[in-house]
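Inspection log for the structure reproduced underneath, given as structure tokens.
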Amino acid sequence: MCPEFSSMTRRNHPKMEPASHNQQISPASLRTELERILSATINDIWDDKIPDGFQAVVSGSDNLEFGDLSCQSALKLARILHDSPRKIASMIVDGIEAKLPGISGVSVDGPGFINFTLSLPYLVSVSGMLAYRGLKSLLPDVGNGRKALVEYVSSNPTGPLTVGHCRQAVLGESISSLLEATGWEVSREYYFNDTGRQMTLLGMSLAARYEAAGGGEAEIPEGGYHGDYITEWAQELRDEQGSDLSWVNSSAKFITFAKERAIGIIKSDLSLLNIEFDRYFAESELIPDAVHSTIEKLSSIMIDGESLVYHDNDEAEKLWLRFTSLGRPSDRVIVRDNGMYTYRLPDIAYHIDKFSRGYDFMIDVFGADHLDTSKDVTAALDILLGSPAVSDKLRVIIHQFVTLVRDGRKIKMSTRAGKFVTLRELIRDAGSVDVTKYLFLTRRAEAHMDFDLDLARKESNENPVYYVQYAHARISGIMRTAKEAGISLPEEHIALSSDLLDGEHERELMRLLELVPSRTAAAAEACEPHRLTEILADLATGFHRFYQHERIVDSENPDVSSARLTLCEACRRSISDLLEILGIDAPERM
RNA sequence: GCGCCCGUAGCUCAGCUGGAUAGAGCAGCGGACUUCUAAUCCGCAGGCCACAGGUUCGAAUCCUGUCGGGCGUACCA
């Protein structure tokens with residue numbers, strides 16, 4: 001934000017309200033309107049030959065030679081109409097009767113693309129909107145205040161967060177912000193398992209270290225946790241408890257102590273990333289009521305004359321869920337013979353709880369290891385809640401793992417064996433939180449990524465995040481220079497004359513800016529925050545190039561300076577708005 | 001064996017859901033600072049989009065198969 005400008009934008013000048021103010025059209029409505037006109041034209045010409053529901057689509061051209069926006073409908077229609085795409089395209093263009101908003105040129109190119117050139121006044125007005133009202137004002141209000149829930153990290157409280165969790169944390173957090181940017185009211189939730197075998201093992205591991213710290217001989221149980229942090233907890237516990245022997249005989253106390261310590265570490269790890277959850281949902285909250293009622297619901301479902309759950313003949317307690325009747329590869333045990341629940345059952349109960357809380361959209365962000373389980377859970381929810389309810393509202397995003405490489409070799413990570421690289425260490429090696437975040441955010445979730453620890457610091461010095469942040473800092477510097485020179489942004493309500501911005505470099509930058517809202521909206525729709533890093537890089541390049549070619553602050557030409565300042569501000573604000581969604585700092589100086 | 005994901009420049013990765021000449025950063029080579037921040041810009045070089053078929057006006061993108069890598073295939077989570 002530039003406080004020195006905000007006061008201006010709020011001032012009212014009713015008498016000076018120019019006519020052009022009402023003509024401002026947003027990038028989104030321009031596209032909708034174009035598509036509407038094209039669709040109508042196509043239907044007018046060919047009428048019943050066009051399949052029902054046919055919609056023309058316009059998208060940004062990848063090459064400036066082909067105009068700013070392009071439509072491929074003629075190519076698609078060629079097959080249906082049995083005619084050459086070029087001819088069809090020409091007929092469409094000739095048949096357009098309505099005035100196209102914000103468009104100064106239409107042409108038919110290549111095999112049959114219809115290309116549109118955006119008008120200069122329109123481009124100028126969009127830059128103005130970005131500068132004065134910010135990116136969010138141009139994003140579609142998809143959520144419209146509806147509630148969404150994003151579950152992510154959800155790592156069990158058995159130790160510090162690792163590199164893998166870091167990727168997920170950054171991904172989940174940016175998805176949450178992206179949804180917020182498009183009008184959703186988002187709750188961030190962390191689900192953790194605080195019962196079951198892993199917690200018992202953790203408690204036993206701590207007990208063993210506690211013994212050892214007292215000089216005793218004790219072994220960590222098989223499958224237990226070997227991390228150094230457990231030894232530290234044991235020592236702390238010793239120091240605190242002194243000779244209080246009641247601890248030694250109470251496994252529950254060890255579990256509770258370890259659990260609380262672990263959650264504390266996790267929360268402080270997350271705070272390093274500036275991530276705060278609205279709720280930490282413990283599995284134990286579901287036991288016994290929610291789990292029991294889930295078992296009942298599952299039991300009442302019959303498929304092909306068979307109950308969805310069944311017992312083995314010999315063991316009374318053990319309960320299976322017949323996932324095979326739900327199209328899954330194999331049945332699974334959901335209650336063990338000792339009466340304890342396996343992971344899937346409470347997780348189903350948890351998701352039923354989520355659905356019951358009235359969210360319109362739910363996202364689960366999981367690592368690749370959860371894929372199978374997650375499909376089982378979704379299959380169970382489909383049958384319990386009705387398939388459309390689940391597929392409409394629940395979206396599971398699976399991200400692939402980070403493969404760490406050190407000394408040219410891949411490192412196997414294991415939390416239990418105590419062999420892992422923590423989030424803390426990663427941030428330390430990368431040298432900055434922003435660098436670490438950007439590192440993960442430039443990749444799409446499904447991409448496997450190799451991360452070379454030896455190159456961490458080296459890479460971070462050359463990290464693209466600095467390139468983007470530098471653009472922001474540079475513009476901020478220009479704003480300061482402009483202020484000193486007595487040049488300010490034009491006031492919002494005065495339509496900017498496009499004559500002042502008719503150079504090729506101005507146009508190139510404005511064209512880039514015009515694409516930002518639709519690209520951001522598409523990223524939100526797809527829940528793919530990595531696309532924002534692409535937009536950011538493009539904006540930074542666009543600005544740096546513009547800066548190289550054009551003098552912005554020039555006392556000799558205050559009008560031009562002021563107009564160019566608007567473009568800079570549009571750029572700066574778009575960058576800072578996008579960085580904010582990604583949770584990355586937008587520095588004013590570097 | 002089976003299921004899911006991935007294979008794109010030397011390296012790390014994009015590629016807007018089938019379109020026009022496949023892009024960026026880093027690494028390499030060569031240029032540009034008396035001018036609002038050179039953490040920048042401009043140029044060169046670098047590709048059989050793993051491989052083989054198929055679908056059609058058109059494929060990195062869709063379908064099949066092969067090869068290679070990751071994850072899963074627990075009465076762990």
Side-chain angles (χ1 to χ4, degrees), chain A residues 59-63 65-66 70 72 75-76 78-79 84-85 109-113 115 154-156 158 192-193 196-199 201 223 283 315 318-320 328-330 332-338 340-344 346-347 367-373 375 398-401 403 410 415-416 439 442-452 455 458-459 461-464 466-467 469-471 473-482 484-485 487 515 518-519 522-523 526 528 530-531 533-535 537-538 540-541 543-554 561 568 589-590:
Chain A
S59 53
S61 312
D62 358 309
N63 193 325
E65 286 173 44
F66 307 129
S70 88
Q72 303 172 10
L75 295 160
K76 312 268 181 218
R79 199 171 313 169
S84 97
D109 301 301
F113 293 93
N115 292 325
S154 293
S155 140
N156 285 333
T158 57
F192 67 100
N193 183 289
R197 216 166 78 88
Q198 294 309 319
M199 296 313 295
L201 282 170
E283 185 196 22
E315 291 157 301
K318 188 194 276 191
L319 193 65
W320 291 76
R328 298 292 303 146
S330 50
R332 303 285 180 182
V333 170
I334 54 170
V335 182
R336 293 198 289 163
D337 51 12
N338 64 6
M340 291 184 87
Y341 310 124
T342 66
Y343 174 71
R344 283 175 178 77
D347 207 27
D369 56 338
H370 271 63
L371 185 94
D372 205 57
T373 318
K375 286 198 163 180
I398 302 280
H399 74 268
Q400 296 300 316
F401 284 151
T403 307
K410 293 188 174 176
T415 308
R416 284 173 222 176
L439 204 68
T442 48
R443 278 84 165 170
R444 66 192 204 282
E446 316 86 72
H448 297 272
M449 65 180 275
D450 281 352
F451 184 67
D452 191 330
L455 291 177
K458 186 176 178 302
E459 275 189 14
N461 293 335
E462 290 137 9
N463 194 291
Y466 291 131
Y467 179 75
Q469 289 182 320
Y470 180 56
R474 229 181 185 184
I475 301 172
S476 303
I478 291 169
M479 293 298 174
R480 292 189 291 267
T481 308
E484 281 166 23
I487 294 169
L515 288 170
S518 57
R519 290 174 76 183
E528 291 184 347
H530 77 274
R531 294 203 208 169
T533 64
E534 298 272 310
I535 306 173
D538 287 347
T541 302
F543 171 74
H544 285 312
R545 187 177 295 163
F546 180 67
Y547 175 91
Q548 203 71 23
H549 288 104
E550 305 289 353
R551 175 83 203 179
I552 294 152
V553 179
D554 178 6
S561 296
C568 292
R589 293 169 204 272
M590 281 175 79

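Per chain, numbering begins at 1; letters A, B, ... match sequence-line order. It should be emphasised that the depicted structure is a prediction, and the values quoted were computed from it without experimental measurement.
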- line: Annotated structure of RNA chain B as dot-bracket, pair cut-off 3.5 Å, Watson-Crick or G-U only, | for inter-strand, is (((((((..((((.....[...)))).(((((.......))))).....(((((..]....))))))))))))....

query: Just by modelled atom types, is the A:F192 backbone N or O under 3.5 Å from a matching donor or acceptor in the A:S154 side chain?
result: no

message: Would you say A:Y547 places a side-chain N or O within less than 4.0 Å of OP1 or OP2 belonging to B:rA38?
response: yes

A:R551 side chain vs A:V553 backbone, donor-acceptor pair below 3.5 Å: yes

message: Need one value for A:T373: base, sugar-phosphate or nothing, where a base atom within 4.0 Å counts as base even if backbone is also close, heavy atoms only.
response: base

message: What's A:I552 touching, base or sugar-phosphate or nothing? Going by heavy atoms closer than 4.0 Å.
response: base

task: May I ask you to verify whether the side chain of A:N115 and the base of B:rA20 hold a donor-acceptor pair under 3.5 Å?
output: yes

message: Base, sugar-phosphate or nothing for A:E484? Non-hydrogen atoms, less than 4.0 Å.
response: nothing

task: Starting from C1' on B:rC13, measure out to NE2 on A:H399 and report it in whole angstrom.
output: 17 Å

message: Can you check the distance between B:rC4 and B:rG65, where both ends of the measurement are the P atom (answer in whole Å)?
response: 11 Å

task: Could you check how far CD of A:E534 sits from C1' of B:rG23, rounded to whole Å?
output: 9 Å

- request: Please answer whether B:rA20 and A:F66 are stacked, defined here as ring centres separated by less than 5.5 Å and planes angled under 30°.
  value: yes

message: Check for me: is A:F113 stacked on B:rA20 by the 5.5 Å centroid and 30° plane-angle rule?
response: yes

- prompt: For A:L201, what residues pass the side chain to side chain contact (heavy atoms under 4.5 Å, CB included) criterion, not counting sequence neighbours?
  reply: A:R197, A:Q198, A:P221, A:Y225

Anything under 3.5 Å between a protein N or O and an N or O of nucleotides 41-45 of chain B, put it in a table, one pair a line.
{"unit_1": "B:rC41", "atom_1": "OP1", "unit_2": "A:Y467", "atom_2": "OH", "d": "2.4"}
{"unit_1": "B:rC41", "atom_1": "O4'", "unit_2": "A:Q548", "atom_2": "OE1", "d": "3.3"}
{"unit_1": "B:rC42", "atom_1": "OP1", "unit_2": "A:R545", "atom_2": "NE", "d": "2.5"}
{"unit_1": "B:rC42", "atom_1": "OP1", "unit_2": "A:R545", "atom_2": "NH2", "d": "3.2"}

message: With a 4.5 Å cut-off on side-chain heavy atoms, are A:R328 and A:D372 touching?
response: yes

query: Is any side-chain N or O of A:H448 under 3.5 Å from a base N or O of B:rG7, one able to act as donor and the other as acceptor?
result: no

- prompt: Is there a donor N/O on one and an acceptor N/O on the other, under 3.5 Å, for the side chain of A:R531 and the base of B:rG15?
  reply: no

- request: Under 4.0 Å between any heavy atoms, over every strand shown, what does A:D450 touch: base, sugar-phosphate, or nothing? Just pick one.
  value: sugar-phosphate

- request: Could you state the atom-to-atom distance from CZ of A:R332 to P of B:rG72 in whole Å?
  value: 13 Å

task: Look at all strands and tell whether A:A473 reaches a base, only sugar-phosphate, or nothing, counting heavy atoms closer than 4.0 Å.
output: base

task: Could you tell me which non-hydrogen atom of A:V335 sits nearest to which non-hydrogen atom of A:V333, and how far apart they are?
output: O-CG1, 3.3 Å

